[in-house]
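See structure below.
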Amino acid sequence: MKTATFRVFRFNPETDRKPQYQDYEIPITKGITVLEGLTYIKDNIDPTLAFRAFCRSGICGSCAVNINGKPRLACKTPIEKIMEEFSSKTIIIEPLSRFKIIKDLVVDTEGKKETIKRFNLWLEEKEPPRDAEFTVSPEEVKQYEKETDCILCLACCSVCEALKENIPFSGPFAFVRTFRFLSDSREKEEIKEKRLEIALNASVWSCLQCQKCVAVCPKNIAPADDIQKVRRAIVRSGKKESPGAKKLSHYLNWIYATGQINRLFLPADVYNSEKAVKEFIKTCREHGIEVWDIPHLPDGFLALRDLIIRALVEEGNIEAIDFKKIRKIDEKIEALLKGEEK
Ligand code: SF4
Ligand code: SF4
Ligand code: FES
């Protein structure tokens, strides 16, 4: 009979000094999943093995574990598929990273409940129209259909670079759901406003856009994209004072003005430290270091750029551009170049 070897992470923090891995031989038949393999171990080999599972159909999100280093739902992962993918009969099964281990493959997910409460992650409906029910158009549903599928498996949190760096950040799934409710026409406007405040206070700008959450979500949701959409909603609502929003505005203005991001002026635009920039440029020059972040624009570039931006705005391809800001950038560059020529 064909078999697979499960190399399973074992650790009981109450009795063990450190974790260890234990091998189990599993008979495999076509289509058998990792969860069925774990259940086989528990029923036939080792009843002390601890893991979580409930629905067995990819709905409850409780069986997420690391399978050969990647978070996956054990109930939706066929053993043979992993053996083929890694050309090996040995499969390493570990608990999700970044969570406290309760025992073996079971991690502490209590924080999820706290996040759901803190983010108000449920729909707060307006009064429905008189003598009628709310109707939601298919076009609207399409906007947040994927996000509605989130099963709170926490796979995204287990790989999140912002969480790894201990940056105060609430994890990708919270923003997936925030976006989902923000896009729902049935929700009260004042609650949407509150959602933006909560997202701001929960460090929505700390996401590094590493895209790891996108790569592991078993429901093919793209949390990183939803974070961008929440950020956009925050900026559009007029909340432009956070460093993240200022950074975004710096990127946009400088890209429109010069075609590139300017790392010299980033701190000045975000933290209002014009003095630090001047000091930095002076020090570079004193040490003969090229201040390459000052773009040398070819003759006629600025006039051509303005024409292109105006055409794009008129055709509705980009949002209205604040030319005053772009002019300011032109002036900064001119001043810097003059300084260089001295
Ligand atoms: S966004 Fe995806 S990975 Fe994150 S909790 Fe929801 S279903 Fe799981
Ligand atoms: S893109 Fe953002 S939310 Fe997603 S894993 Fe990276 S840092 Fe975390
Ligand atoms: S057991 Fe519910 S998602 Fe796997």
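The basis for the numbers below is simple: all heavy atoms, side chains too, and nothing from hydrogens, waters or symmetry mates. When a residue number appears, it is its place in the shown sequence, counting from 1. Order of appearance sets the numbers: ligands from 1, and atoms from 1 within every ligand.
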Element-labelled atoms of ligand 2 that are located less than 4.0 Å from some non-hydrogen atom of Ala224: 1 (S)

Lys126, NZ atom: more than 12 neighbouring heavy atoms under 6.0 Å: yes

Protein heavy atom at shortest distance from atom 6 (Fe) of ligand 2: Cys210 SG, 2.3 Å

Atoms in ligand 3 flagged as close to Cys60, the criterion being non-hydrogen separation under 4.0 Å: 1 (S), 2 (Fe), 3 (S)

Thr33 versus Glu36, side-chain donor and acceptor atoms under 3.5 Å: yes

Beyond-backbone contact of Cys75 with Cys63, side-chain heavy atoms, under 4.5 angstrom: yes

Per-atom contacts, ligand 3 versus Ile59 - under 4.0 Å to a heavy atom: 3 (S)

Atoms in ligand 1 with a heavy atom of Leu154 nearer than 4.0 Å: 5 (S), 8 (Fe)

Residue Leu208 vicinity, atoms of ligand 2 by number, heavy atom under 4.0 Å: 2 (Fe), 7 (S)

Per-atom contacts, ligand 2 versus Ala162 - under 4.0 Å to a heavy atom: 7 (S)

For atom 1 (S) of ligand 3, closest protein heavy-atom neighbour: Arg56 N, 3.2 Å

Ile93 side chain near Leu38 side chain, heavy-atom distance below 4.5 Å: yes

Ligand 2-proximal atoms of Ile227, by part, heavy-atom distance under 4.0 Å: side chain

Heavy-atom pair with the smallest gap, counting every atom of Ile151 and Ile59: CG2-O, 3.0 Å

Ligand-residue contact atoms, ligand 3 with Gly58, heavy atoms, under 4.0 Å: 3 (S)

Set of residues satisfying ring-ring contact (aromatic ring centres under 6.0 Å, His included) with respect to Phe175, sequence neighbours excluded: Phe119, Phe169

Residue among Lys192, Lys194, Arg195 satisfying salt bridge (Lys or Arg N to Asp or Glu O under 4.0 Å) with Glu187: Arg195

Numbered atoms and elements of ligand 3 in range of Phe54, under 4.0 angstrom, heavy atoms: 1 (S)

Of the protein N/O/S atoms, how many lie under 2.8 Å from atom 2 (Fe) of ligand 1: 1

Whether Cys55 has an N, O or S atom under 2.8 Å from atom 4 (Fe) of ligand 3: no

Point-to-point distance, once rounded to the nearest 0.5 Å, from OH of Tyr21 to CD1 of Ile92: 7.0 Å

Minimum-distance protein heavy atom relative to atom 2 (Fe) of ligand 2: Cys207 SG, 2.3 Å

Face-on cation placement of Arg180 at Tyr144 ring, 6.0 Å and 45° thresholds: yes

Part of Ile151 with heavy atoms under 4.0 Å of ligand 3, whether side chain, backbone, both or neither: neither

N/O/S from Cys63 sitting under 2.8 Å away from atom 4 (Fe) of ligand 3: yes

Atoms in ligand 2 with a heavy atom of Gln209 nearer than 4.0 Å: 1 (S), 2 (Fe)

Basic-acidic side-chain contact under 4.0 Å: Lys142, Glu139: no

Pairwise side-chain contact, Leu182 with Leu196, heavy-atom cut-off 4.5 Å (strictly under): yes

Interatomic distance, Glu189 atom CD to Ser185 atom OG [nearest 0.5 angstrom]: 9.5 Å

Per-atom contacts of ligand 2 with Cys160, taking only distances under 4.0 Å to non-hydrogen atoms: 3 (S), 5 (S), 7 (S), 8 (Fe)

Protein contact to atom 3 (S) of ligand 3 [nearest heavy atom, distance to 0.1 Å]: Gly61 N, 3.2 Å

Contacting atoms of ligand 3, where contact means under 4.0 angstrom from a heavy atom of Cys75: 1 (S), 3 (S), 4 (Fe)

Side-chain donor-acceptor contact under 3.5 Å, Gln22 with Arg10: yes

Side-chain donor-acceptor contact under 3.5 Å, Thr258 with Arg305: no

Electrostatic pair Glu286-Lys282, nearest N-O below 4.0 angstrom: yes

